[in-house]
Enquirer: 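Quick one: the structure is below, and I'll ask about it shortly.
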Amino acid sequence: MLQPKTRLQIQTLLLSWFDENQRPLPWREKYRPYEIWISEIMLQQTQVKTMLPYFRRWMERFPDVQSIADAREDEVLKHWEGLGYYSRAVNIRRTAEIIVRHHGGTFPKAHSTILGMPGIGPYTAGAISSIAFNEDRPLVDGNVERILARLFNLDTPVEEKNTRKFIWNTAEELIPAGRARQFNQALMDLGATVCLPRRPACEKCPLNGLCESRRMGTADRRPVTNRRKDIASIEVAVGILHHRGRVLIQKRPASGLMPNLWEFPGGKIHPGESPEQALIREFREELELEVRCRERLASIRHNYTSFRVLLHAFLCRPADSRPRPVLRSAVEARWVVVEELDQYAFPAANRKLIDLVSGRKPAAARNHRPEPRNDDAEDGANVVLLKK
DNA sequence: AACCCGGGGGC
DNA sequence: GCCCCAGGGTT
């Protein structure tokens, strides 16, 4: 399919571009398989800039595979809090246990073994094989899709099977023997810094003389992709149930949305229901607790990827003098003092609420972010303080 | 093949 | 707002 001459040109141009332009990243210092693995999982659907602080913090706490296998799942999740796609953290732990048990604690080298691990699919297996072990294996992610769709001016949606197949085959053909580590990372860096999703910097691209979509003027319309479906809005009520200096939190199920994270009890407001009525109903359904709503603490807006939520938070008191939560839909419930809340992993909207009621700035509680973000004002605008 | 999972960046 | 990001798992 690909002309040998063209292939050699692409290889040569990309490798020398990478030599001069690669980004300095922590896992590129030693190419330890363990670090490559963790970085690749963290980078799934997550930008380098976002995951970098998490990666550094992770390596301090979990320097090797064994340390993960020895840790409690809650602590692993706590280090993942805020990164999203929480099943990634659970899968890391499962994989760590497999590696300790069956591979003597060191990361296995065989591609077929790597591919079978929890949370490791075709892309990540290719990435670990090529980047950690420098084996001649292809990898295809959003960057490679975009670069090849532009280079060859592909006009069929990349979601289609045949298009995917062409891209994987081409990615494999292009690998220069013995240099997959450099070549595949060159594709990543080119996609992240030059061949951008919008407004690609073609004038800086080492492949611009070979790029078919640039020649045709279609670069900004590649890759062709299917439309996404629109997102829903929901309204929920949550209760901070106070009793004898403690508040009640509960753990979410291990499957579904935001698995294993902790949250304040509550739930969706049904049509025709007031937030207070919904809250009283949810406490009954989930915990068999009778509560009274006191003041409304705040209404918080948060945009998740696939839905928006408007969360009404209330301060509640138990109707009973000795409240005993009974686990129904909740997995676990605990009475904790406010200072302990930071030890638990919460969904983002709950975390906003905690920051608010503990009188902190929104960014401050994200203790794993070394530098506070500069968008406090914007976060604050999402929080309506109805009563002090 | 179509969904589901999430937070953030950047325009 | 909207699209995208070093995707994988489930149905």
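Chain letters run A, B, ... following the sequence lines, proteins first and then strands; every chain starts at 1.
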Enquirer: Near DNA chain C, under 4.0 Å by heavy atom, which residues of residues 186-195 of chain A?
Expert: A/M188
Enquirer: What is the separation between atom CZ on A/F183 and atom P on C/dA6, rounded to the nearest whole Å?
Expert: 17 Å
Enquirer: Any salt bridge linking A/E290 with A/R284? Criterion: basic side-chain nitrogen under 4.0 Å from a carboxylate oxygen.
Expert: yes
Enquirer: What's the verdict on side-chain contact (heavy atoms from CB on, under 4.5 Å) for A/V238 and A/E263, showing C-alpha distance, side-chain angles and the deciding distance?
Expert: CA-CA 9 Å; A/V238 303; A/E263 65 182 3; over 6 Å; no
Enquirer: Excluding sequence neighbours, so at least two apart, what forms side chain to side chain contact (heavy atoms under 4.5 Å, CB included) with A/R215?
Expert: A/E212
Enquirer: May I ask you to verify whether the side chain of A/T46 and the base of B/dG6 hold a donor-acceptor pair under 3.5 Å?
Expert: yes
Enquirer: So does A/K49 get a side-chain nitrogen or oxygen closer than 4.0 Å to the phosphate oxygens (OP1/OP2) of C/dC5?
Expert: no
Enquirer: Taking the nucleotide of DNA chain B with the closest heavy atom to each, which residue, A/P259 or A/Q47, is nearer the 5' end?
Expert: A/P259
Enquirer: Between C/dC5 atom P and A/E40 atom CD, what is the distance in whole Å?
Expert: 15 Å
Enquirer: Side chain to side chain contact (heavy atoms under 4.5 Å, CB included) with A/R88: which residues, sequence neighbours excluded?
Expert: A/I41, A/Q44, A/T46, A/W80, A/L83, A/Y85
Enquirer: Measure from the side chain of A/A348, starting at C-beta and using heavy atoms only, and say which of B/dG9, B/dG6, B/dG7 lies closest.
Expert: B/dG7
Enquirer: For residues 167-174 of chain A, run the donor-acceptor check on the side chains, cut-off 3.5 Å, and write out each pair with its distance to 0.1 Å, sequence neighbours left out.
Expert:
{"unit_1": "A/N169", "atom_1": "ND2", "unit_2": "A/K165", "atom_2": "O", "d": "3.4"}
{"unit_1": "A/T170", "atom_1": "OG1", "unit_2": "A/F166", "atom_2": "O", "d": "2.7"}

Enquirer: Whole Å only: how far is the CG atom of A/N260 from the C1' atom of B/dG6?
Expert: 15 Å
Enquirer: Checking side-chain polar atoms at under 3.5 Å, does A/T156 have a donor or acceptor matched by the opposite partner on A/T163?
Expert: yes
Enquirer: I'd like the P distance from B/dC4 over to C/dA6, given in whole Å.
Expert: 24 Å
Enquirer: How many Å lie between OH on A/Y86 and C1' on B/dC5, as a whole number?
Expert: 11 Å
Enquirer: If we ignore angles and hydrogens, is there a donor and acceptor under 3.5 Å between the side chains of A/R317 and A/H242?
Expert: no
Enquirer: Could you list the residues that satisfy ring-ring contact (aromatic ring centres under 6.0 Å, His included) with A/W17, not counting sequence neighbours?
Expert: none
Enquirer: According to ring-ring contact (aromatic ring centres under 6.0 Å, His included), who are the partners of A/F346, at least two apart in sequence or on a separate chain?
Expert: A/F264
Enquirer: B/dG10, B/dG6, B/dA1: which one has an atom nearest the side-chain heavy atoms of A/Y85?
Expert: B/dG6
Enquirer: Determine whether a donor-acceptor pair (one donor, one acceptor, N or O, separation below 3.5 Å) exists between the side chain of A/R23 and the base of C/dA6.
Expert: yes
Enquirer: For A/Y123, enumerate each residue passing the ring-ring contact (aromatic ring centres under 6.0 Å, His included) test, keeping only those at least two apart in sequence or located in another chain.
Expert: none
Enquirer: Within residues 136-149 of chain A, find the residues that approach DNA chain C with a heavy atom at under 4.0 Å, and present them sorted by residue number.
Expert: A/D141, A/G142, A/N143, A/R146
Enquirer: Given the rule that a pair is Watson-Crick or G-U wobble with both distances under 3.5 Å, how would you write DNA chain B in dot-bracket, using | for pairs to a different strand?
Expert: |||||.|||||
Enquirer: Taking any heavy-atom pair under 4.0 Å as a contact, classify A/R28: base, sugar-phosphate, or nothing.
Expert: base
Enquirer: List the atom pairs, with distances to 0.1 Å, where a side-chain N or O of residues 62-75 of chain A and a protein N or O form a donor-acceptor pair under 3.5 Å, not counting sequence neighbours.
Expert:
{"unit_1": "A/D64", "atom_1": "OD1", "unit_2": "A/Q66", "atom_2": "N", "d": "3.4"}
{"unit_1": "A/D64", "atom_1": "OD1", "unit_2": "A/S67", "atom_2": "N", "d": "2.9"}
{"unit_1": "A/D64", "atom_1": "OD1", "unit_2": "A/S67", "atom_2": "OG", "d": "3.2"}
{"unit_1": "A/Q66", "atom_1": "NE2", "unit_2": "A/D70", "atom_2": "OD1", "d": "3.0"}
{"unit_1": "A/S67", "atom_1": "OG", "unit_2": "A/D64", "atom_2": "N", "d": "3.4"}
{"unit_1": "A/S67", "atom_1": "OG", "unit_2": "A/D64", "atom_2": "O", "d": "2.6"}
{"unit_1": "A/E73", "atom_1": "OE2", "unit_2": "A/N260", "atom_2": "ND2", "d": "3.0"}
{"unit_1": "A/D74", "atom_1": "OD1", "unit_2": "A/K251", "atom_2": "NZ", "d": "3.2"}
{"unit_1": "A/E75", "atom_1": "OE1", "unit_2": "A/R61", "atom_2": "NH2", "d": "2.8"}
{"unit_1": "A/E75", "atom_1": "OE2", "unit_2": "A/R61", "atom_2": "NE", "d": "2.5"}
{"unit_1": "A/E75", "atom_1": "OE2", "unit_2": "A/R61", "atom_2": "NH2", "d": "3.3"}

Enquirer: Taking the C1' atom of each, how far is B/dG9 from C/dG8, in whole Å?
Expert: 22 Å
Enquirer: Assign A/W37 to base, sugar-phosphate, or nothing according to its heavy-atom contacts below 4.0 angstrom with the strands shown.
Expert: nothing
Enquirer: Does C/dG8 have its OP1 or OP2 closer than 4.0 Å to a side-chain nitrogen or oxygen of A/T124?
Expert: yes
Enquirer: For a quick check under 3.5 Å, do A/Q185 and A/R28 share a side-chain donor-acceptor pair by atom type?
Expert: yes
Enquirer: When you match A/M258 and A/K161 each to their closest nucleotide on DNA chain B, which lands nearer the 5' end?
Expert: A/K161
Enquirer: How long is the straight-line distance from CG of A/L154 back to CG of A/N162, given to the nearest 0.5 Å?
Expert: 11.5 Å
Enquirer: Collect all protein-nucleotide pairs involving nucleotides 9-11 of chain C in which both atoms are nitrogen or oxygen and the distance is under 3.5 Å.
Expert:
{"unit_1": "C/dG9", "atom_1": "OP1", "unit_2": "A/G119", "atom_2": "N", "d": "2.6"}

Enquirer: For the side chain of A/T225, counting heavy atoms from C-beta on, which of C/dC4, C/dA6, B/dG6 is nearest?
Expert: C/dC4
Enquirer: Output side-chain donor-acceptor pairs under 3.5 Å for residues 104-112 of chain A, partner residues at least two apart or in another chain, one line each.
Expert:
{"unit_1": "A/T106", "atom_1": "OG1", "unit_2": "A/H103", "atom_2": "O", "d": "3.4"}

Enquirer: Expressed in angstrom and rounded to an integer, what is the separation of A/F55 atom CZ from C/dA6 atom C1'?
Expert: 13 Å
Enquirer: Assess the residue pair A/L287 and A/L248 against the criterion (side-chain contact (heavy atoms from CB on, under 4.5 Å)); give the C-alpha distance rounded to whole Å, side-chain angles, the decisive distance to 0.1 Å, and a yes or no.
Expert: CA-CA 11 Å; A/L287 300 162; A/L248 189 66; 3.7 Å; yes
Enquirer: Identify which nucleotide among C/dG8, B/dG6, C/dA6 has an atom closest to any side-chain atom of A/Q44, counting heavy atoms from C-beta outward.
Expert: C/dG8
Enquirer: Between P on C/dG8 and CD1 on A/I41, what's the gap in Å once rounded to a whole number?
Expert: 8 Å
Enquirer: What is the separation between atom CH2 on A/W168 and atom P on C/dA6, rounded to the nearest whole Å?
Expert: 15 Å
Enquirer: Rounding to a whole Å, what distance do you find between A/L196:CG and C/dC5:C1'?
Expert: 12 Å
Enquirer: Side-chain donor or acceptor of A/R198 under 3.5 Å from a matching atom on the base of C/dC3?
Expert: yes
Enquirer: Rounded to the nearest 0.5 Å, how far does CD of A/E29 lie from CH2 of A/W27?
Expert: 10.5 Å
